[in-house]
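Throughout, numbering of the chain's residues begins at 1 and tracks the sequence.
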Amino acid sequence: MRRAPLLLLTTGVGLMLLLSSCSQPVAPLDKTAATQLAAVGQSGDQMMYGMMDPTSTLTPASVATSALTTAGLSAQPLSYCTSANYTKTGWGTDTDSDGIPDHATIQYACSTSGVTMSGTLTVQDKSGMYTGYTVTLSNFKLTALVSGQTYSLSANMTFDLSGSPSTTYTLDDSLDINADFPGSSGSLSMSGHPTYTPDSASDPFAAGTFTLDGQATFVAPNGKTYSVTRKGQNLHFDKANTTCTTDFDAGTVTYVDGQGNTLELAYTCGAVTATYNGGPLP
C-alpha cells in the first residue's frame, strides 16, 4: 500500500479514527487493524519530522486544520480564526542563535462557526548552542458542532530532545489522546525513547537520522484493543530536500505485536509502502 504524505501533527487526531467506546482484551494485529495502523503510524512519523522545525511548522492554523481534516470534518470554519484569536510570545528571541527560541508560547483561543479550540504550545530551548529543546502541547482541546452533533478531542504531547552536535541526541516523546465523537469514544497513550544523529555538527537540526522505539495501545472501530512495539531504522530527513517536505526520504518503521504479527512502513521520498507479515496491504 502506498500513501501520499499526510498533514503534520495528525498523529494524535488521526488516532481518533481508531477509537471506539468498547474495550476488550488485547487482540492479535490482523490485516484490517494493520491497515488502520499504517495511516496512524505515518502520521506519527511525520510529527517527529515536524518537531525538527518547531518555529515554522507548529502554527495554530496547521494544528487545527490537521485536526479537523484528519477527523473527517470540514476545516472551513477555521478561515474565520485570524491571528487575533491567538496569543504568541517569545518567538523572536534566540539568544544562542541555534534556530530555537529561548522560550516561546502560543495560546490557542478560537471560537467561531461551531468550532472552539484551546490549549498551549510551548517551545523551550536548552542552555548552550544546539544542546536540544522541548516542545509541549498542553491541554489542547478541539470541539466542533457538525449537523447538530458534537465532536471533541483533546491531546497532551511532549517532545524532549537532548544532546550535542558531536554525539547522538536522545529523545523522550509521549502522547496522550482522548476523543468523544457521536457513537464512539476512547483514548490512546504512546511513548518512546528514540535517538537522533545529525548529518552535520555545524547545523544539526537541518538533516539527520532517527532510530525509533516505543509502545502504543489503541482501540480500533471493531472494539478490539491492540498493543504494539515500534522500531524504526535509518529514518533520514533533510530540510534542504524540497521534494520531501513533510516526510522522511528513507528508512523503515515496524510495528510488532506479542504474536509476531508485523506491519512495516518503508519510506521513500514522497511515498510510503506498507506491508503486513511480508505481504502488501491493499
Side-chain angles (χ1 to χ4, degrees), residues 1-14 38-70 75 78-79 83 86 88 91-94 96-101 104 106 121 123 125 129-135 137 157 159 161 163-166 168-169 171 173 194-212 230 232-253 264-274:
M1 180 179 71
R2 297 179 70 84
R3 302 181 60 88
L6 302 177
L7 290 174
L8 174 68
L9 279 184
T10 57
T11 308
V13 295
V40 175
Q42 184 186 352
S43 297
D45 298 338
Q46 289 177 337
M47 178 181 180
M48 184 166 294
Y49 175 102
M51 292 296 104
M52 300 307 294
D53 194 10
T55 60
S56 64
T57 56
L58 302 181
T59 65
S62 69
V63 172
T65 300
S66 296
L68 287 173
T69 55
T70 306
L78 293 177
S79 64
S83 58
Y86 313 108
K88 300 177 66 175
W91 290 89
T93 304
D94 180 11
D96 55 15
S97 300
D98 61 359
I100 308 299
I106 297 176
L121 177 76
V123 178
D125 198 10
M129 191 174 186
Y130 297 136
T131 57
Y133 54 92
T134 301
V135 181
L137 184 65
M157 178 204 73
F159 177 96
L161 187 70
S164 67
S166 59
T168 297
Y169 288 82
L171 173 64
D173 66 332
T195 61
Y196 170 69
T197 304
D199 284 358
S200 170
S202 62
D203 193 6
F205 304 145
T209 302
F210 281 97
T211 298
L212 305 186
R230 178 186 67 172
Q233 295 182 321
N234 302 318
L235 281 168
H236 182 266
F237 79 95
D238 184 352
K239 293 178 185 177
N241 188 336
T242 57
T243 302
C244 309
T245 56
T246 62
D247 235 331
F248 293 102
D249 54 35
T252 61
V253 181
E264 180 181 272
L265 303 178
Y267 282 89
T268 56
C269 185
V272 182
T273 300

Passes side-chain contact (heavy atoms from CB on, under 4.5 Å), Tyr130 versus Asp96? Steps please.
-> CA-CA 8 Å; Tyr130 297 136; Asp96 55 15; over 6 Å; no

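Atom CG of Leu265 sits about 9.0 Å away from atom OG1 of Thr252, to the nearest 0.5 Å. We find the OH-OG1 distance between Tyr267 and Thr273 to be 11.0 Å, quoted to the nearest 0.5 Å. Rounded to the nearest 0.5 angstrom, Leu137 CG and Ile106 CD1 are separated by 10.0 Å. In this structure, CG in Asp249 is found 8.5 Å from OG1 in Thr209, a value given to the nearest 0.5 Å. The CG atom of Asp203 sits 10.0 Å away from the CG atom of Asp98 when rounded to the nearest 0.5 Å.
Taking all atoms of both residues into account, the shortest heavy-atom contact from Met52 to Lys239 is O-NZ, 2.6 Å. Taking each heavy atom of Phe205 and Ile100 in turn, the nearest pair found is CE1-CG1, 4.1 Å. Here the closest heavy-atom approach between residue Pro101 and residue Asp125 is recorded as O-CB, 3.2 Å. Across all their heavy atoms, Gly208 and Asp199 have their closest contact at CA-OD1, 3.5 Å. In terms of heavy-atom proximity, Ala274 sits nearest to Ala38 at CB-CB, 4.2 Å. When all heavy atoms of Ser97 and Met129 are compared, the closest pair comes out as O-CE, 3.5 Å.
Looking at heavy atoms from C-beta onward, Leu161 lies in side-chain contact with Tyr169 at the 4.5 angstrom threshold. Taking the side chain as every heavy atom from C-beta outward, Leu212 and Pro194 approach each other to under 4.5 Å.
Side-chain atoms of Asp94 come within 3.5 Å of backbone N or O of Gly99 as a donor-acceptor pair.
Ring pair Phe210/Phe248 is perpendicular by interplanar angle, where above 60° counts as perpendicular and below 30° as parallel.
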